[in-house]
Amino acid sequence: MYMKTIVILHTGGTIAMQKDTETGGLTTGEVNPLQQSTIPGADTHHIISEELLQVPSPHMTPDCMVSLYHGMKDRIYRFQADGVVITHGTDTMEETAFLLDLFHDSDIPVVITGAMRSENDLSPDGPLNLAAAVRTAADKQARGAGVLVVMNEEIHTAKDVMKMHSSNAAAFQSPGSGPIGRFANNRIHLNHRPVQRHLFPAAPMNKKVPLLKTYTGMEPEVVEHLSSLPLDGIVLEGMGIGNIPPSITAPVYNLLERDIPVVLTSRCPGGTVEEVYSYEGGGRRLKEAGVVFTGGWSGPKARLMLMAALEFCTSREELRQCFEEI
Ligand SMILES: NC(=O)C[C@H](N)C(=O)O
């Protein structure tokens, strides 16, 4: 019988941590417990398991993500992998998934998973998540679906998934669209496929792009101060369907006049930003002024996309097409 080759790449996070029984704190030990436990699927698949990193996911950087992409690509080629599983901390899992999905230019399934509870916690969720991820990576239904996140028996696209709860095992959701499939009875059931994927060249992520969340009565000084720093672009998490408070329109327009790209997303977890309102700070006015609208990505994902796009887009129009004409 042909055994599929699944490469598991470990990067760290709670799934690879243990609770210190004396202090109660969660830490990364010398040895990753995942490297010592039985890897799920080892009886039916050819599993190759490697530790690329051992970091909590708040320590991830866009640079690390690019290195992870190249490391993954190298293993896919070297081991002729049929699928890849990446274990990762849950805090920033959606960002790594999103960036890898922007770069991943083959049909080979890539599945990211992690755990909300450590290996020696009461009822750890890591083993089941890992088993589900291996099954998903080996399943032909996942071919061509890009990078997926598998957590708590649900399968999500990289574009839509978000960590929506800080501690619950059911922390991951795809607001506005829902999961594209489920894991049950040791197999996966895919109900939908991602409609559209963007593919960007995998370049180093060197651009400086801060992300700013808007709020009522926002002080213009906050945007003015950012504007005084070296900056390649800025992402604003606007309100609702894409509006910002009038107090910051002047410094935002100032950035545009200086030809610094301003990308708008929403602080709502679900939905897109649209040119609807024509009041001061409304989306219609922002669009006219040259603000680039996103297709419904969260602020952190829009920031990664702007950093990646700025590496190859040579004009504002090209940048706009990257975000809007998809
Ligand atoms: N559940 C987790 O993995 C959270 C951890 N702080 C991390 O992201 O590395």
Side-chain angles (χ1 to χ4, degrees), residues 13 57-58 60-62 64-66 86 88-104 110 112-114 116 146-152 154-168 170-180 192 194-200 205 207-215 218 226 233-244 252 261-274 283 286 291-310 319-320 322-324 326:
S57 74
M60 284 300 279
T61 62
C64 281
M65 296 172 198
V66 176
I86 297 173
H88 197 287
T90 58
D91 290 348
T92 65
M93 175 184 282
E94 65 209 55
E95 289 187 55
T96 299
F98 183 76
L99 195 66
L100 294 185
D101 191 55
L102 274 187
F103 296 158
H104 183 50
V110 175
I112 308 198
T113 193
M116 294 300 289
V147 177
L148 300 171
V149 167
V150 170
M151 289 291 287
N152 194 42
E154 290 185 342
I155 305 168
H156 299 268
T157 62
K159 172 179 173 278
D160 293 318
V161 73
M162 279 177 99
K163 186 174 183 177
M164 299 291 285
H165 196 283
S166 61
S167 61
N168 199 291
F172 284 82
Q173 292 174 22
S174 294
S177 63
I180 62 163
H192 313 283
V195 276
Q196 232 165 0
R197 287 187 57 219
H198 300 55
L199 278 181
F200 279 22
M205 301 277 282
K207 302 295 183 193
K208 282 211 176 355
V209 177
L211 163 65
L212 208 54
K213 194 181 198 111
T214 58
Y215 47 89
M218 192 165 180
L226 263 186
I234 186 169
V235 175
L236 289 177
E237 256 186 34
M239 296 155 170
I241 200 162
N243 312 301
I244 62 173
V252 166
V262 178
V263 166
L264 182 72
T265 183
S266 174
R267 58 181 205 173
C268 297
T272 52
V273 286
E274 310 284 344
L286 298 178
V291 171
V292 174
F293 281 32
T294 60
W297 305 288
S298 67
K301 289 178 185 176
R303 170 186 173 258
L304 288 172
M305 188 153 161
L306 180 55
M307 287 175 79
L310 285 168
L319 192 71
R320 199 191 57 74
C322 264
F323 278 85
E324 296 175 9
I326 49 167

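Heads up: numbering here begins at 1 and tracks the sequence. Since this is a predicted model, take the numbers as computed values, not measurements.
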**Asked** Below 4.5 Å, heavy atoms only, C-beta onward: do Leu100 and Ile86 meet side chain to side chain?
**Response** yes
**Request:** Can you measure from CZ (Phe172) to CE (Met162) and round to the nearest 0.5 angstrom?
**Result:** 10.5 Å
**Prompt:** Under 3.5 Å, is there a donor-acceptor pair between the side chain of Thr214 and the main chain of Glu237?
**Reply:** yes
**Request:** For the residue pair Lys301 and Thr265, establish whether any side-chain heavy-atom pair is separated by less than 4.5 Å.
**Result:** no
**Request:** Using the test side-chain hydrogen bond (donor to acceptor under 3.5 Å, both in side chains), find all partners of His104 that sit at least two apart in sequence or belong to another chain.
**Result:** none
**Message:** So which atom in Val209 and which in Val235 form the shortest heavy-atom distance, rounded to 0.1 Å?
**Reply:** CG1-CG2, 4.0 Å
**Message:** Can a donor-acceptor pair be found, under 3.5 Å and without considering hydrogens, that links the side chain of Thr272 to the backbone of Gly295?
**Reply:** no
**Message:** Looking at every non-hydrogen atom in both residues, tell me the closest pair between Ala171 and Met116 and how far apart they are.
**Reply:** CB-CE, 3.8 Å
**Request:** Keeping the roles fixed (side chain from Asn168, backbone from Ala170), state whether a donor-acceptor pair exists under 3.5 Å.
**Result:** yes
**Prompt:** For Met205 and Leu304, what are the C-alpha separation, side-chain angles and deciding distance, and is it a side-chain contact (heavy atoms from CB on, under 4.5 Å)?
**Reply:** CA-CA 8 Å; Met205 301 277 282; Leu304 288 172; 4.0 Å; yes
**Message:** With side-chain contact (heavy atoms from CB on, under 4.5 Å) as the criterion, how do Leu212 and Met218 come out once you've worked through the C-alpha distance, each side chain's angles and the decisive distance to 0.1 Å?
**Reply:** CA-CA 11 Å; Leu212 208 54; Met218 192 165 180; 3.8 Å; yes
**Message:** Give me the atom names and distance for the closest heavy-atom approach of Met93 to Val149.
**Reply:** SD-CG1, 3.8 Å
**Asked** OG1 of Thr157 to CZ of Phe98: how many Å apart, nearest 0.5 Å?
**Response** 10.0 Å
**Asked** If every non-hydrogen atom of Asp101 is compared with every non-hydrogen atom of Ala158, which pair is closest and at what distance?
**Response** CB-CB, 3.7 Å
**Request:** Could you go through the side-chain contact (heavy atoms from CB on, under 4.5 Å) check for His88 and Glu95 one step at a time?
**Result:** CA-CA 11 Å; His88 197 287; Glu95 289 187 55; over 6 Å; no
**Request:** Spell out, as yes or no, whether a donor-acceptor pair under 3.5 Å connects the side chain of Glu324 to the backbone of Phe293.
**Result:** yes
**Prompt:** Does any non-hydrogen side-chain atom of Phe200 lie less than 4.5 Å from one of Cys322?
**Reply:** yes
**Message:** Tell me whether Arg267 contacts the main-chain N or O of Lys213 through its side chain, where contact means a donor paired with an acceptor under 3.5 Å.
**Reply:** no
**Item:** Non-hydrogen atoms of Ala308 and Leu102 that approach each other most closely
**Value:** CB-CD1, 4.3 Å
**Asked** Do Leu319 and Leu306 have side chains that get closer than 4.5 Å, going by heavy atoms?
**Response** yes
**Message:** When you measure from the side chain of Thr294 to the backbone of Leu264, do you find a donor-acceptor pair of N or O atoms at a distance under 3.5 Å?
**Reply:** yes
**Request:** Calculate, to the nearest 0.5 Å, the distance between atoms CG and CE belonging to Leu310 and Met305 respectively.
**Result:** 11.0 Å
**Request:** Give, for atom OG of Ser298 and atom CG of Asp160, the distance between the pair rounded to the nearest 0.5 Å.
**Result:** 10.0 Å
**Item:** Member of Phe323, Trp297, Phe103 meeting the ring-ring contact (aromatic ring centres under 6.0 Å, His included) criterion with His198
**Value:** Trp297
**Message:** Tell me if a side-chain donor or acceptor on Ser57 pairs with a main-chain N or O of Gly13 at a distance below 3.5 Å.
**Reply:** no
**Message:** Looking at every heavy atom in both Pro58 and Asp91, which two are closest together, and how far apart are they?
**Reply:** CG-OD2, 3.4 Å
**side-chain contact (heavy atoms from CB on, under 4.5 Å) between Asn243 and Leu286, worked out** = CA-CA 8 Å; Asn243 312 301; Leu286 298 178; 5.8 Å; no
**Item:** Heavy-atom side-chain contact between Val161 and Gln173 under 4.5 Å
**Value:** no
**Item:** Thr96 (side chain) donor-acceptor with Met65 (main chain) under 3.5 angstrom
**Value:** no
**Among Lys159, His156, Glu94, the one residue meeting side chain to side chain donor-acceptor pair (under 3.5 Å) with Ser174** = His156
**Request:** With the side chain counted from C-beta on, respond yes when Ile180 and Pro194 share a heavy-atom pair under 4.5 Å apart, and no when they do not.
**Result:** yes
